[in-house]
Asker: 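Please read through the structure below; I'll follow up with questions.
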Amino acid sequence: MTGYTREELLAAHEQLVDNEDNLIADGGIGIGDSGTSSALRADGGKEPPVVVKIGGAKAVDPQGAVSDVAHLVANGTDVVVVHGGSTAVDETLEELGEEPTYVESPSGVSGRFTDERTMEVFSMVMPGKLNTDLTALFREAGVDALGLSGVDGGLLTGPRKSAVRVVEDGKKKIKRGDHSGKITSVNATLLETLLDGGYTPIVTVPMLADDGVPVNADADRAAAAVAGALGAKLVVLTDVKGVYADPDDESTLIETADTPEEFSALESAAEGFMTKKVMAAKEALDGGAAEVVVSDANLNDPIVTALNGGGTHVTPGALVEAEGAEQ
């Protein structure tokens, strides 16, 4: 995660700021409907915050996101970063001689099964190392970043799932001993206080379960919960351009989902890891998010590109039946 220097990050940030006027004039990376990078809309109202989900896969390079967040914050946009790190957790488990366990739900969604030992490693790797390293990168880039786990200040809370329904060998079973939960509450006041104070929160799971125990939660869905609570635009950065109609053909990128019919097609197209990202998009919009974008992390300006039309855009209209439609 540290394959570039502080000087490189600062240079990238300065280049974005220096080139800002030319980029906007060319129809490039201006933020907002007014065609400027100001955090104010043309009507004088403030743009919604931006929540950025940075994936933890090796194929996702955080460099562009770090520079983009620095650029956005410098121009007055409130940003919250939520990050994953399942790959690092798996690697640490393997170094300790243990195998990570993944299960499939009856609905066909794959996810991690977090037993007690995995939870110990998870807490060590996610808030202990990855969050610290990423917070340091943002601070090197000139961002007043502040690292938080979902436990801090009761940021992410909800019921614990001690047992989960899974499918094994074609049979539905109950698998007990899970240390995971469902986020049902976000301490938005804490985030808003930090944003008002000029800080950029860098958030990771675990969450705090209702029995007072830290447990695992999906990072995409954590980002969705945060975006919903803040009424933010959610940018989910991943290692592909967005959601493809044909998962093996990037030329079939689905650019927008603005109606229930289009969202249904989006859900049908999503496979594998993308299933959770589409699920997270729905949860974010249901919770009050302004928009969700699933886009490529490995661009020079991944966040600004996403906010200006790149990737797959899902709007609140995708979840609202047309007026007068049959119920």
Side-chain angles (χ1 to χ4, degrees), residues 49 51-56 79-86 88-90 92-93 100-101 103 105 109 111-135 138 145-165 175-197 199-232 234 236 276 279-280 283-284 286-289:
V51 173
V52 180
K53 161 56 173 46
I54 300 177
V79 181
V80 177
V81 176
V82 180
H83 71 85
S86 59
V89 173
D90 287 348
T92 304
L93 283 167
T101 302
V103 295
S105 72
V109 177
R112 179 191 297 278
F113 182 81
T114 309
D115 59 18
E116 184 175 6
R117 178 57 173 157
T118 301
M119 189 62 220
E120 291 176 354
V121 173
F122 191 91
S123 295
M124 177 177 66
V125 172
M126 293 289 280
K129 177 170 175 53
L130 295 183
N131 187 262
T132 299
D133 288 350
L134 193 57
T135 300
F138 279 108
L146 187 149
L148 291 167
S149 81
V151 175
D152 297 320
L155 179 58
L156 305 173
T157 58
R160 179 177 174 175
K161 298 184 293 185
S162 58
V164 292
R165 292 182 175 86
K175 192 173 180 68
R176 303 188 183 280
D178 192 32
H179 286 62
S180 65
K182 179 180 180 182
I183 299 169
T184 56
S185 180
V186 175
N187 188 346
T189 301
L190 173 58
L191 294 175
E192 289 165 351
T193 299
L194 292 171
L195 292 170
D196 288 345
Y199 293 100
T200 297
I202 312 299
V203 176
T204 185
V205 289
M207 61 173 281
L208 185 65
D210 49 12
D211 60 359
V213 176
V215 295
N216 189 11
D218 179 71
D220 286 320
R221 300 174 80 173
V226 170
L230 294 177
L234 173 59
V236 180
K276 280 193 175 179
M279 184 185 300
E283 292 177 359
D286 277 338

Asker: Testing the basics here: between Pro127 and Thr132, what is the closest heavy-atom pair and its distance to 0.1 Å?
Answerer: O-OG1, 3.6 Å

Asker: Could you list the donor-acceptor pairs under 3.5 angstrom formed by side chains in residues 156-163, with sequence neighbours left out?
Answerer:
from, atom 1, to, atom 2, distance (Å)
Arg160, NH1, Asp211, OD2, 3.0
Arg160, NH2, His179, NE2, 3.3

Asker: Between CD1 of Ile202 and CG of Asn131, what distance do you get to the nearest 0.5 Å?
Answerer: 7.5 Å

Asker: With side-chain contact (heavy atoms from CB on, under 4.5 Å) as the criterion, how do Asp210 and Thr184 come out once you've worked through the C-alpha distance, each side chain's angles and the decisive distance to 0.1 Å?
Answerer: CA-CA 10 Å; Asp210 49 12; Thr184 56; over 6 Å; no

Asker: Which pair of heavy atoms, one from Val51 and one from Ala223, lies closest together, and at what distance?
Answerer: CG1-O, 3.9 Å

Asker: Ignoring hydrogens, what is the shortest heavy-atom contact between Ala219 and Lys53? Give both atom names and the distance.
Answerer: CB-CE, 3.5 Å

Asker: Could you tell me whether the side chain of Leu195 reaches within less than 4.5 Å of the side chain of Pro201, counting heavy atoms only?
Answerer: yes

Asker: Please report the interatomic distance CG(Leu194) to CG(Leu148), rounded to the nearest 0.5 Å.
Answerer: 6.0 Å

Asker: Between atom CZ of Arg112 and atom CG of Asp90, what is the distance when rounded to the nearest 0.5 Å?
Answerer: 4.5 Å

Asker: Flag the pair Val213 / Met119 as yes when at least one side-chain heavy-atom distance between them is below 4.5 Å, and no otherwise.
Answerer: no

Asker: Sub-3.5 Å donor-acceptor pair from the side chain of Asn187 to the main-chain atoms of Gly153, do we have one?
Answerer: yes

Asker: Hey, is the main chain of Thr193 close enough, under 3.5 Å, to the side chain of Asp196 for a donor-acceptor pair?
Answerer: no

Asker: Could you give the distance from CD (Glu283) to CG (Leu234), rounded to the nearest 0.5 Å?
Answerer: 11.0 Å

Asker: Of the non-hydrogen atoms in Ala224 and Ala280, which two are nearest, and what is the gap between them?
Answerer: CB-O, 3.2 Å

Asker: Between Pro49 and Gly231, which heavy-atom pair has the shortest distance, and what is it?
Answerer: CD-O, 4.4 Å

Asker: Taking side chain to side chain contact (heavy atoms under 4.5 Å, CB included) as the test, write out the residues that go with Ala217, two or more places apart.
Answerer: Ile183, Val205, Met207

Asker: Please name the pair of heavy atoms, one in Val151 and one in Pro214, separated by the smallest distance, quoted to 0.1 Å.
Answerer: CG2-CB, 3.8 Å

Asker: From Thr204 OG1 over to Phe122 CZ, what is the distance, rounded to the nearest 0.5 angstrom?
Answerer: 6.0 Å

Asker: So, do Leu130 and Leu134 sit near enough that their side-chain heavy atoms are less than 4.5 Å apart?
Answerer: no

Asker: Say you draw a straight line from OG1 of Thr92 to CE of Met124; how long is it, rounded to the nearest 0.5 Å?
Answerer: 5.5 Å

Asker: For Phe113, which residues count as a side chain to side chain contact (heavy atoms under 4.5 Å, CB included) partner, sequence neighbours excluded?
Answerer: Thr101, Val103, Asp115, Val164, Lys175, Asp178

Asker: Decide yes or no for Phe138 and Val81: does some side-chain heavy atom of the first lie under 4.5 Å from some side-chain heavy atom of the second?
Answerer: yes

